[in-house]
Number of protein chains: 2
Amino acid sequence: MDETAPQKGTVTQRAMEQIKAMIAEGRLEPGQRLPTERDLAVQLGLSRSSMREAIRALTVLGVLEARHGSGIYVTQLEAGDLLETFGVVADLSRGPRLVELLEVRRVLESTATALAAARISPDQLAEVEKHLTAMNTTDDPEEILAHDLAFHREIAAAAGNDTMAAILEGLSSRTFRARVWRGYEEEGAFDRTRREHAAIHRALVAHDPEAARAAAAAHVGEVEQWLRTQLGS
Amino acid sequence: MDETAPQKGTVTQRAMEQIKAMIAEGRLEPGQRLPTERDLAVQLGLSRSSMREAIRALTVLGVLEARHGSGIYVTQLEAGDLLETFGVVADLSRGPRLVELLEVRRVLESTATALAAARISPDQLAEVEKHLTAMNTTDDPEEILAHDLAFHREIAAAAGNDTMAAILEGLSSRTFRARVWRGYEEEGAFDRTRREHAAIHRALVAHDPEAARAAAAAHVGEVEQWLRTQLGS
DNA sequence: ACCAGCGGAGTGGTCCGACCACTACCGCTC
DNA sequence: GAGCGGTAGTGGTCGGACCACTCCGCTGGT
């Protein structure tokens with residue numbers, strides 16, 4: 001007659017599901033503070049050790065945030081919080097899957113750039129231009145890469161779809177770009193990159209979505225094709 | 001003089017980074033078995049409790065897999081393994097972000113369907129048709145939803161980009177579809193859905209990528225627009 | 001020689017209790 | 001009233017103990 005029920009999986013997994021359910025059902029609001037680890041363990045009927053594993057897991061998923069000495073809080077549950085783990089995929093992918101990731105990025109990046117062309121504000125455009133010129137007036141590869149990332153990040157932000165922007169952010173994770181671009185840029189692709197960025201910028205200024213889509217697709221497609229040939233050898 | 005170094009973040013986070021680095025550097029191959037929790041804890045210089053938290057975290061990220069009584073193994077690191085967490089995003093998203101997710105899905109689904117139209121094999125096409133007819137010959141909403149999911153899953157698989165298919169799988173997670181479609185289908189959208197699926201199928205049979213892209217975009221776009229109006233009220 | 005069954009060694013899963021590191025807040029001092 | 005110091009409470013870490021499960025070799029029979 002025991003009501004403690006089904007015993008699916010480990011106690012830790014069950015605890016994770018319960019907390020996720022509490023959030024999904026609205027019993028826990030974004031930003032809200034949870035009971036202490038010790039109290040939660042008692043409430044859900046497990047040890048603090050197992051409770052901590054559940055909390056840690058939800059923390060890396062971007063659902064919870066633990067502040068040492070303060071407490072455990074629900075994140076804002078925004079796209080950026082939850083999609084941070086996307087970077088792990090990019091970091092651990094090799095070979096053919098890198099091409100697949102670039103294909104996904106090409107599709108999303110071209111769409112985001114097209115949306116940005118239609119919606120971008122003068123302020124946002126100025127920010128894009130800032131990174132564009134900064135990228136063209138230095139020779140430090142590290143700095144170029146940083147402004148390159150920022151250039152595309154600003155455009156993605158201007159597209160108005162935070163989720164899409166967060167995914168693109170993960171697909172452009174620092175280690176990912178560093179690995180792929182290291183070889184790409186060594187082959188003197190800087191000039192081509194500059195021209196492609198300029199084309200994207202022109203389309204944004206003209207508020208021409210189709211031109212922006214084409215320019216962005218070509219931009220990512222270049223890297224994609226280069227990587228395809230690399231894998232062949 | 002101590003070489004143990006910088007002390008960034010918690011010991012658990014450090015352990016996670018070390019294991020990820022071992023995999024990224026190729027010192028741990030997919031499918032390979034790791035040392036025991038106890039040995040790992042000693043090697044990385046932390047307690048078993050903290051080590052377990054790191055392992056649990058990497059487990060939910062789809063990087064490691066723990067088999068009770070057997071050992072800890074590196075997953076195959078395929079797209080499906082690493083992108084399983086994507087479903088959490090869909091499960092915990094509400095309001096405007098649901099629309100954003102559908103927008104991302106529309107972009108990817110239309111591209112995947114276009115790719116599938118060009119590449120799909122007779123066997124794969126037969127599988128798609130199986131779910132299409134099954135979907136049209138039953139009235140059980142649960143069964144319809146299941147075949148609907150399988151219909152799109154087969155198409156995504158035929159597109160030949162496992163990463164894209166895995167992302168779409170996450171965007172179509174059971175709870176996500178159930179929540180959105182519950183209301184959508186109640187408004188008598190079954191017939192429209194049937195027609196749209198038929199259009200997608202025709203384009204696949206004709207191996208017409210552009211028609212397939214348009215049909216898929218319209219299909220997802222319908223739900224997207226419906227959801228937009230719902231949020232307005 | 002074969003194989004079904006048993007058992008033990010080894011592994012992840014869970015729990016406990018203690019202590020450390022840090023934060024927040026209250027009350028005291030000036 | 002502002003600044004300061006202490007203290008209660010929080011998450012972070014540790015070590016050890018025991019449980020549940022898997023795997024494999026041994027045993028005994030056929």
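The structure displayed is predicted, hence computed values, not measured ones. Throughout, protein chains are lettered first and strands after them, A, B, ... in sequence-line order, and every chain is numbered starting at 1.
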field: salt bridge (Lys or Arg N to Asp or Glu O under 4.0 Å) partners for B/R67, two or more places apart
entry: B/E65
Tabulate below the donor-acceptor pairs under 3.5 Å that side-chain atoms of residues 95-105 of chain B make, not counting sequence neighbours, or state none.
residue, atom, partner, partner atom, Å
B/R97, NE, B/S93, OG, 3.2
B/R97, NH1, A/L77, O, 3.2
B/R97, NH2, A/L77, O, 2.0
B/E100, OE1, A/D162, N, 3.3
B/E100, OE1, A/T163, N, 2.8
B/E100, OE1, A/T163, OG1, 2.6
B/E100, OE2, A/D162, N, 3.3
B/E103, OE1, B/R228, NH2, 3.3
B/E103, OE2, A/N161, ND2, 3.2
B/R105, NE, B/E109, OE1, 3.0
B/R105, NH2, B/E109, OE1, 3.2

field: A/K20 with A/E17: basic N within carboxylate O range, under 4.0 Å
entry: yes
message: Please tell me whether A/H147 and A/H197 form a close aromatic pair, meaning their ring centres lie under 6.0 Å apart.
response: no
field: SB check A/R174 A/E142 (cutoff 4.0 Å)
entry: yes
Spacing between A/L40 atom CG and D/dG9 atom P, to the nearest angstrom: 18 Å
query: Atom CG of A/L64 to atom P of D/dT10: distance rounded to whole Å?
result: 17 Å
task: Starting at atom CD of B/E65, determine the distance to atom P of D/dT22, rounded to an integer number of angstrom.
output: 13 Å
- request: Can you check each nucleotide of nucleotides 7-15 of chain C against protein heavy atoms at under 4.0 Å and return B for base, S for sugar-phosphate only, - for none, in 5' to 3' order?
  value: ---BBBBBB
